[in-house]
Amino acid sequence: MPYVDRQNRNCGFLDIEENESSGKFLRRYFILDTQQGSLDWFMDNPQNLPVGTDCVGSLKLTYISKVSDATKLRPKAEFCFVINAGMRKFFLQANDQQDLVDWVNALNKATKITVPKLPDGQQNAENQKALPDVVGPKKQASYKTEIIGGVPIVTQTQHDGGEGAGRMEREAMHRSHSQLPYFLGRPTQEHTVIKSGYCVKQGAVMRNWKRRYFLLEENSMSYFKSDLEKEPLRMIPLKEVHKVHECKQSDIMMRDNLFEVVTTSRTFYIQADSQEEMHSWIKAVSGAIVAQRGPGRSAYLLRSWHSLFCISSSLLVTTQQQNTG
């Protein structure tokens, strides 16, 4: 079984199929380093190798989506397990059944880290650093919180005439309420923010997982590198979203609090930091879609039925006149 070294890393020997589908397993020494976020393997224990010897292979933990027993996949390989990473599967052999279980558990635990959170004090310090300096007295803006349908809604009750102070207050409000289930505000913006916050998203090409800041508005869902960025990495129009629902455990990935946003061209896999937050996102996005499409479709149907009724009535009147004449 793997042992924990002085640097709190899981270490031990495993056999790995370095060339995919070759069926040839080579003995290597593995180090699971959660601080560096990688799984590295060497020709031998680094203590037995010359100082500075590089690893012969390395895998970033953010690329790993699932680690599981591979006995059924490789029945001829005893104590075999598989690491699903991006577009590749890595097959490894443990020393015995207990060794297999310990490695699978350790790897899954290391890769199921969700949204990183800063301590409250450190988060406040970061927010203070991010706020722009404004010369002159700072005018106070008041906000009110209302409970509507069991949801806290935050709105501004007074507007500040100063452009610099107004910008500062908008940014401060944007960050301070980013963890609320829903919030309204930023009255100077064209679109209403329905929900915002950090989640972990799977990349489209390399399939790695990255922390992103999500912003749900009336007509779109966007994500940014951080809440300080002004330009989104991508904007998803809600009119292109077919459905939003919880993603159950599958053969591809095993992550907690995972939901998927299915669009015309792509399925986005997004991981929240808790089950409650996941359901909150699903409810918020689904509600935004209904709010966007429901009234519009209903109005369109009413107009269509009205037009059809008028045409039918006109034809009926014409027919009756012809019959009478």
Here the gap from Lys76 atom NZ to Thr71 atom OG1, rounded to the nearest 0.5 Å, amounts to 15.0 Å
Discussion item. Salt bridge or not between Glu20 and Arg88? Use side-chain N to carboxylate O under 4.0 Å.
Written reply: yes
Check: Can Arg212 be said to sit on top of Tyr198's aromatic six-ring, NZ or CZ under 6.0 Å from centre and within 45° of the ring axis?
Finding: no
I want to check something: taking the side chain as every heavy atom from C-beta on, are Met221 and Ile270 in contact at a cut-off of under 4.5 Å? yes
### Task
Indicate, with yes or no, if Phe13 and Leu49 share a hydrophobic cluster defined by side-chain heavy-atom contacts under 4.5 Å among Ile, Leu, Val, Met, Phe, Trp and Tyr.
yes
The remaining residues in the hydrophobic cluster of Val4, counting side-chain heavy-atom contacts under 4.5 Å among Ile, Leu, Val, Met, Phe, Trp and Tyr, are none
d(Gln202 CD, Thr267 OG1) to nearest 0.5 Å is 10.5 Å
Check the pair Phe30, Trp103 against side chain to side chain contact (heavy atoms under 4.5 Å, CB included), reporting the backbone distance first and the verdict last. CA-CA 10 Å; Phe30 284 77; Trp103 272 109; 3.9 Å; yes
Between Leu92 and Phe90, the two heavy atoms sitting closest are CD1-O, 3.5 Å
* Asked: Between the side chains of Asp256 and Gln271, is a donor N or O closer than 3.5 angstrom to an acceptor N or O?
  -> no
Original post:
Sub-3.5 Å donor-acceptor pair from the side chain of Glu246 to the main-chain atoms of Phe259, do we have one?
Top reply: no
Does the side chain to side chain contact (heavy atoms under 4.5 Å, CB included) test come out yes or no for Val67 and Val82, once each step is laid out?
CA-CA 6 Å; Val67 185; Val82 60; over 6 Å; no
request  = Verify side chain to side chain contact (heavy atoms under 4.5 Å, CB included) between Leu258 and Met278, making sure each step is shown before the conclusion.
outcome  = CA-CA 7 Å; Leu258 188 69; Met278 176 194 68; 5.7 Å; no
Check: Do Ile83 and Leu14 belong together in a cluster built from hydrophobic side chains that touch within less than 4.5 Å?
Finding: yes
- Item | Neighbour count >12 (heavy atoms, 6.0 Å) for atom CD, Glu229 | yes
For Gln275 and Asn257, the nearest pair of non-hydrogen atoms, with its separation, is N-OD1, 3.2 Å
### Task
Using the ring of Trp209 (Phe, Tyr or Trp, six-membered ring only), decide whether Lys201 places NZ or CZ under 6.0 Å from its centre and within 45 degrees of its axis.
no
- Query: Quick one: do Val262 and Ile236 end up in the same hydrophobic cluster if we chain Ile, Leu, Val, Met, Phe, Trp and Tyr together by side-chain heavy atoms under 4.5 Å apart?
  - Reply: no
In short, ring pair (Phe, Tyr, Trp, His ring centres under 6.0 Å) pairs touching residues 216-242 with sequence neighbours left out are Phe214-Tyr223
In short, Ser196 meets Leu215 closest at the heavy-atom pair CB-CD1, 3.6 Å
Scanning both residues in full, the closest heavy-atom pair of His245 with Ile282 reads C-CD1, 3.8 Å
Separation between OG1 (Thr263) and NZ (Lys239), nearest 0.5 Å, reads 13.0 Å
Below 3.5 Å, can you tabulate the donor-acceptor pairs from side chains in residues 37-45 to any protein atom, sequence neighbours excluded?
unit_1	atom_1	unit_2	atom_2	d
Ser38	OG	Asp40	OD1	3.4
Ser38	OG	Asp40	OD2	3.2
Asp40	OD1	Ser58	OG	2.5
Trp41	NE1	Glu18	OE2	3.4
Asn45	OD1	Gln47	N	3.0

Test your reading of the model: is there a side-chain donor-acceptor pair from Gln93 to the backbone of Glu78, 3.5 Å cut-off?
yes
I want to check a possible cation-pi pair here: Arg27 against Phe25, using under 6.0 Å from ring centre and within 45° of the ring axis as the test.
no
Residues at least two apart in sequence or cross-chain that pass side chain to side chain contact (heavy atoms under 4.5 Å, CB included) with Ala288, listed by chain then number, are Ile194, Leu216, Leu238
Rounded to the nearest 0.5 Å, the CG atom of Asp15 sits from the CZ atom of Phe79 at a distance of 11.5 Å
- Task: Ignoring hydrogens and angles, state whether a donor on the side chain of Ser280 or Lys195 is under 3.5 Å from an acceptor on the partner side chain.
- Result: yes
Taking every heavy atom of Thr34 against every heavy atom of Ala110, the minimum-distance pair comes out as CG2-CB, 3.7 Å
Using the rule that Ile, Leu, Val, Met, Phe, Trp and Tyr join whenever any side-chain heavy atoms are under 4.5 Å apart, tell me whether Leu233 and Val285 fall into a single cluster. yes
I'd like to know if the side chain of Ser22 and the backbone of Asn19 have a donor-acceptor N/O pair within less than 3.5 Å. yes
Scanning both residues in full, the closest heavy-atom pair of Phe91 with Cys80 reads CD2-SG, 3.9 Å
Answer yes if the side chains of Glu218 and Thr192 hold a donor-acceptor pair under 3.5 Å, and no otherwise.
yes
When rounded to the nearest 0.5 Å, the distance separating CG of Asp273 from SG of Cys199 is 7.0 Å
Apply salt bridge (Lys or Arg N to Asp or Glu O under 4.0 Å) to Glu17 and Arg74, showing your working.
-> CA-CA 12 Å; Glu17 185 185 49; Arg74 294 293 179 86; 3.1 Å; yes
d(Asn108 CG, Ser68 OG) to nearest 0.5 Å is 8.0 Å
For Asp5, the side chain to side chain contact (heavy atoms under 4.5 Å, CB included) test, sequence neighbours excluded, returns Tyr3, Gln7, Arg9, Cys11
The salt bridge (Lys or Arg N to Asp or Glu O under 4.0 Å) partners of Arg234 (sequence neighbours excluded) come to none
*Check the pair Leu59, Ile64 against side chain to side chain contact (heavy atoms under 4.5 Å, CB included), reporting the backbone distance first and the verdict last.*
CA-CA 8 Å; Leu59 180 61; Ile64 298 176; 3.8 Å; yes
*Would you say Asn48 has more than 12 foreign heavy atoms packed within less than 6.0 Å of its CG?*
yes
- request: Give a yes or no on whether the backbone of Lys283 and the side-chain of Ser286 come within a donor-acceptor separation of less than 3.5 Å.
  value: no
Exactly one candidate in Leu32, Leu107, Ile31 meets side chain to side chain contact (heavy atoms under 4.5 Å, CB included) with Asn10; the answer is Leu32
